[in-house]
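Let me begin by presenting the structure, written as structure tokens, before commenting on it.
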Amino acid sequence: YEAKKNPACVAFCNKEMASYNKKRHIIEQNLRKILFVNEEPQPQQLFMVYQPFMSLPEKQLAGFEALVRWEHPELGVISPGEFIPIAEDTGLIFTLSHWVVNRVCEQLVEWHQQGFDFKRVSVNISALELMNIKFAEDLLSLVVQSGAQPCWFKLEITETALMAIPEQAIEILQKLTMADFEVAIDDFGTGYSSLTYLKSLPASTLKIDQSFIRNLIDSSEDQAVIKAVISMAHSLGKQVTAEGVEQQAQLDYLIAHGCDVAQGYYFSRPISVQEVSRLYFEV
Ligand code: C2E
Ligand code: MG
Ligand code: MG
Ligand code: MG
């Protein structure tokens, strides 16, 4: 409709599309290259950063979330919000996830040997990985082969991924839980959880999406949702983690209403391994 009215728009929109597609293509090609070509000689472009979780109300370290980072020599820092969806569309996500799990395992083995009590480290799992009915078995053997232990991990699965194929996802979560992994439902509140599934979900933690935390102080609706989620989770024997906590007032509210764990820039941004050891366990 716009195009008919204004021919200039056609050219403009096509140009926008073309540069969007070009960027996607460049990201895909580069991702393929770093994942499949022997990466040793070149400087490490992919690496993990770790963002602490704090227990409430004590504000003690309660674990970390491992988040992938990609720093390309020419393209600069590419955010996972940009390259994960591309990896998913192109099937590269499986190789990428494999790399992430291996890398985190290596790190945890090292921390364990150094005597660092890191609690559990959360790893994000893509919706596509849950499509593989053998996901639990595959992950377990990957972890065991690297000398790591399932009880060192928490797996973050988004509510949307879970509800896409609830029966299969729940079967997988059951196997993971039995193998001593813990499970958290990420971005909780943005998907469409059915209460039927929720009541019997093999997940220890609901991670409230940061969109509910952002305007918490001014929004009585967000406050109502948060109070309800905390109360429901506790009644079901689950913990609640709040993500994206940036302000003291947000934290105070969460503490006052019994939230179990918080994560966000208020405490720390995701940090490098060196910073983790400097801040949390080297004396
Ligand atoms: P997510 O798992 O929901 O992670 C939370 C995101 O919020 C992270 O962005 C984190 O850096 C950011 N964040 C943490 N605290 C705050 C805060 O106080 N304020 C604000 N504004 N943001 C905060 P990041 O690292 O860019 O990751 C984005 C998404 O990419 C993640 O969302 C996750 O879905 C995905 N992702 C990241 N790493 C991996 C990975 O290794 N594997 C997979 N499959 N997905 C990943
Ligand atoms: Mg997450
Ligand atoms: Mg999240
Ligand atoms: Mg989120």
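Read the numbers this way: they start at 1 and go in the same order the structure lists the ligands and their atoms.
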### Query
Under 3.5 Å, is there a donor-acceptor pair between the side chain of Ser146 and the main chain of Val143?
yes

### Task
Enter the distance from Glu156:CD to Glu243:CD here, rounded to the nearest 0.5 Å.
7.5 Å

### Query
What N, O or S atom of Glu65 is found closest to the Mg ion (ligand 2)?
OE2

### Message
If the cut-off is 4.0 Å to any non-hydrogen atom of Gly264, which atoms of ligand 1 fall inside it?
### Response
15 (N), 18 (O)

### Part of Val245 with heavy atoms under 4.0 Å of ligand 1, whether side chain, backbone, both or neither
backbone

### Message
Counting only heavy atoms from other residues, nucleotides and ligands, does the tally under 6.0 Å from NE2 of His25 exceed 12?
### Response
no

### Message
Between Arg214 and Asp222, does any side-chain N to carboxylate O distance fall below 4.0 Å?
### Response
no

### Query
Are any of the N/O atoms in Leu67 less than 3.5 Å from those in ligand 1?
no

### Task
Take every heavy atom of Arg69, measure it against each atom of ligand 1, and state whether any distance is under 4.0 Å.
yes

### Proximity flag Glu246 to ligand 1, non-hydrogen atoms under 4.0 Å
yes

### Query
In terms of side-chain geometry, is the basic nitrogen of Glu137 or Lys134 positioned less than 4.0 Å from the acidic oxygen of its partner?
no

#### Entry: ligand 1 contact on Asp187 by region, counting heavy-atom pairs under 4.0 Å
side chain

### Query
Is any N or O atom of Asp186, backbone or side chain, closer than 3.5 Å to an N or O atom of ligand 1?
yes

### Summary
So the atoms of ligand 1 within less than 4.0 Å of a heavy atom of Val100 turn out to be 41 (O)

### Query
Should one rank Glu156, Glu82, Gln210, Glu243 by closest heavy-atom distance to atom 7 (O) of ligand 1, which comes out on top?
Gln210

### Task
Could you point out which residue of Tyr280, Phe53, Phe118 forms a ring-ring contact (aromatic ring centres under 6.0 Å, His included) with Phe64?
Tyr280

### Message
Among the N/O/S atoms of Asp187, which is closest to the Mg ion (ligand 3)? Give the atom name.
### Response
OD1

### Task
Could you list which atoms of ligand 1 come closer than 4.0 Å to a heavy atom of Pro270?
11 (O)

### Query
Is the CE atom of Met131 crowded by more than 12 outside heavy atoms at less than 6.0 Å?
yes

### Query
Taking C-beta and beyond as the side chain, do Phe83 and Asn30 meet within less than 4.5 Å on heavy atoms?
no

### Task
Could you please compute the angle at the Mg ion (ligand 3) from OD1 of Asp186 to OE1 of Glu243, rounded to 10°?
100°

### Task
Before signing off on this row, confirm whether Ser79 and ligand 1 have an N or O atom pair separated by under 3.5 Å.
no

## Note on the structure
Among Ala161, Ala87, Pro80, the residue with a heavy atom nearest to atom 27 (O) of ligand 1 is Pro80

### Opening angle between OD1 in Asn124 and OE1 in Glu156, taken at the Mg ion (ligand 2), to 10 degrees
100°

### Message
Do the side chains of Glu65 and Lys207 get close enough for a salt bridge, i.e. N-O under 4.0 angstrom?
### Response
yes

### Task
State, to 0.1 Å, how close Ile170 and Pro202 come at their nearest heavy-atom pair, and which atoms those are.
O-CG, 3.9 Å

### Task
Please confirm whether Arg32 makes a cation-pi placement over Phe36, using NZ or CZ under 6.0 Å from the six-membered ring centre and within 45° of the ring normal.
no

### Query
Against heavy atoms of Glu65, which atoms of ligand 1 measure under 4.0 Å?
2 (O), 4 (O)

